[in-house]
Amino acid sequence: MEHIAELGGIVTGFNVTEHCIDCMCGKNFIKIDKTSGDIICQKPVFEKEGLSRKLTADNEQIFVYDFCTLYILRQKDYELIGKWQLGNDLSSDICGMAVDGNTVYCSVRNGKIITLDRQSYLIKEFIVSDSSMWSVHTYGPYLVCGTVDGKVLLLDKSGLSIEKKLVLGKKNIGSLHIDGVTLYAASHDGKLYKIGLRNFDIESSMKNAHKKMFDCAGIYEDMLVTVSYPCSEIALWNKDTLEKIKVISTPLKLSGRTHIENDYMYISSRNILGIDRIKLVSQSF
């Protein structure tokens, strides 16, 4: 583990670009040089500190949700483009988010999705499921969502209607990763699933992937990478067979964020004051 940015606080989300890393830390957004770790830009965005904020980004904008509020920032200088309150309390807070070129999709507790048009800023609300959706991803003309009651849903973006439904179990499908036409899903019952998106069926699964909650972090070479922050471990799996290849033990805590790029995985967690980086090199396995 290599410490590449000392920010004096927990990074609750980050976005990696070609030369920089955009970090949420405390009340601030901080842009650091990816090579040197030097701070290039720092700007207060939030009124209070918080640990539950999450972000996603494209080449121009950063999207953040914090409880019931959605923020859109300009990526280069963190200028606030807009701020929308989509809910009011714990019955209407934002649980997950996905973005495409036209729309921001926010899943709201108890099965709603609220969309924001990125040009007109028109807001629409759709009732989708009886269960909250904490993991949401775009897939061409569809959204793929994991629900708290153990389902994976394929939604048509145009009307947010359910096209297909797959029951994986009874526990929260807390993390999803899409690789081409394959979906990997992490369940809170410890199971890891490989799902074919063409037929929307389970191709393989693995019990007891980790002893506690885990995330599907992404693909490195021909391997799926999963991270269990409560277990302080990173696992690498054959992405076709789900055969476990390697487990890397490293100090982590409760939750965090990751990004895989080339031979490195960038990682933040509750015990890291900034950003760390792990080198993933297959020859060492």
Side-chain angles (χ1 to χ4, degrees), residues 5 7 10-34 39-87 93-108 112-126 133-145 155 157-158 160 175-178 217-218 256-261 266-268 275:
L7 300 179
I10 298 167
V11 172
T12 55
F14 62 91
N15 168 53
V16 180
T17 66
E18 184 179 0
H19 301 293
C20 304
I21 306 176
D22 304 299
C23 305
M24 287 192 300
C25 184
K27 300 178 183 179
N28 300 321
F29 257 88
I30 302 170
K31 190 184 297 291
I32 63 172
D33 182 276
K34 198 160 65 173
I39 294 175
I40 300 169
C41 174
Q42 182 169 338
K43 189 169 185 177
V45 173
F46 308 105
E47 294 179 2
K48 300 178 180 179
E49 295 190 5
L51 295 174
S52 62
R53 300 179 182 117
K54 293 186 179 180
L55 69 79
T56 189
D58 61 16
N59 291 331
E60 296 183 354
Q61 296 179 338
I62 297 174
F63 310 84
V64 179
Y65 69 85
D66 180 14
F67 190 45
C68 295
T69 305
L70 169 67
Y71 299 78
I72 301 181
L73 312 172
R74 194 163 59 191
Q75 193 272 336
K76 66 178 182 180
D77 58 6
Y78 308 143
E79 183 71 25
L80 182 64
I81 294 170
K83 178 180 174 182
W84 296 266
Q85 185 172 337
L86 303 184
D93 60 324
I94 303 169
C95 301
M97 178 174 58
V99 176
D100 62 21
N102 301 312
T103 308
V104 183
Y105 305 89
C106 294
S107 63
V108 176
K112 292 182 180 179
I113 290 183
I114 294 178
T115 64
L116 175 74
D117 186 283
R118 293 180 61 179
Q119 299 300 319
S120 67
Y121 302 122
L122 177 67
I123 292 175
K124 295 181 180 179
E125 184 176 303
F126 302 84
M133 296 165 282
W134 290 88
S135 43
V136 184
H137 288 264
T138 60
Y139 173 64
Y142 302 102
L143 289 184
V144 182
C145 308
L155 309 180
K157 282 182 184 177
S158 60
L160 276 301
S175 176
L176 302 173
H177 180 77
I178 296 175
R257 307 289 182 268
T258 57
H259 174 82
I260 297 172
E261 181 179 82
Y266 296 84
I267 189 165
S268 67
I275 299 283

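Just so you know, residue 1 is the first one in the sequence shown, and it goes up from there.
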Any side-chain heavy-atom pair from [X] and [Y] closer than 4.5 angstrom?
| X | Y | answer |
| --- | --- | --- |
| K112 | E125 | yes |
| L7 | N28 | no |
| W84 | I72 | yes |
| V64 | F46 | yes |
| K157 | T103 | no |
| C68 | L86 | no |
| K43 | E79 | yes |
| K54 | I94 | no |

List the atom of [X], the atom of [Y], and the distance in Å for their closest heavy-atom pair.
| X | Y | result |
| --- | --- | --- |
| R257 | T12 | NE-O, 3.1 Å |
| M97 | L70 | SD-CD1, 3.8 Å |
| Q42 | I39 | OE1-CD1, 4.0 Å |
| T138 | I178 | O-CD1, 3.7 Å |
| D66 | S52 | OD1-OG, 4.2 Å |

Roughly how far, to the nearest 0.5 Å, is the [atom2] atom of [Y] from the [atom1] atom of [X]?
| X | Y | atom1 | atom2 | value |
| --- | --- | --- | --- | --- |
| K34 | Y266 | NZ | OH | 4.5 Å |
| L73 | I81 | CG | CD1 | 7.0 Å |
| M133 | L143 | CE | CG | 9.0 Å |
| Y105 | L116 | OH | CG | 11.0 Å |
| D100 | T115 | CG | OG1 | 10.0 Å |
| M24 | I30 | CE | CD1 | 11.5 Å |

Between side-chain atoms of residues 56-63 and protein atoms elsewhere (two or more places apart, or another chain), which donor-acceptor pairs fall under 3.5 Å?
unit_1 : atom_1 : unit_2 : atom_2 : d
D58    : OD1    : E60    : N      : 3.0
D58    : OD1    : Q61    : N      : 2.7
D58    : OD2    : R118   : NH1    : 3.0
D58    : OD2    : R118   : NH2    : 2.8
Q61    : OE1    : R118   : NH2    : 2.8

Contacts of S158 that satisfy side chain to side chain contact (heavy atoms under 4.5 Å, CB included) - sequence neighbours left out: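 By the side chain to side chain contact (heavy atoms under 4.5 Å, CB included) rule, S158 matches D156.
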Can I get a per-line list of side-chain donor-acceptor pairs under 3.5 Å for residues 13-23, giving both atom names and the distance, sequence neighbours left out?
unit_1 : atom_1 : unit_2 : atom_2 : d
N15    : ND2    : D22    : OD2    : 3.1
T17    : OG1    : C20    : N      : 3.1
T17    : OG1    : C20    : O      : 3.0
D22    : OD1    : K31    : NZ     : 2.6
D22    : OD1    : Y78    : OH     : 2.6
D22    : OD2    : Q75    : NE2    : 2.6

Which residues pass the salt bridge (charged side-chain N to carboxylate O under 4.0 Å, His left out) test with E49, not counting sequence neighbours?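 Scan of E49 (salt bridge (charged side-chain N to carboxylate O under 4.0 Å, His left out), adjacent residues dropped) gives none.
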Can you list everything that forms a ring-ring contact (aromatic ring centres under 6.0 Å, His included) with Y142? Sequence neighbours excluded, please.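 Partners of Y142 under the ring-ring contact (aromatic ring centres under 6.0 Å, His included) test: none.
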For F126, check ring-ring contact (aromatic ring centres under 6.0 Å, His included) against everything at least two apart and list the hits.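 Result, ring-ring contact (aromatic ring centres under 6.0 Å, His included) vs F126: none returned.
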Exam field: side chain Y65 to backbone C95, donor-acceptor pair closer than 3.5 Å: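 Indeed, once roles are kept as given, a pair shorter than 3.5 Å links the two residues.
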Within the side chain of S107, is there an N or O that forms a donor-acceptor pair under 3.5 Å with the backbone of G96?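 Yes, because the side chain of S107 sits within donor-acceptor range (under 3.5 Å) of the backbone of G96.
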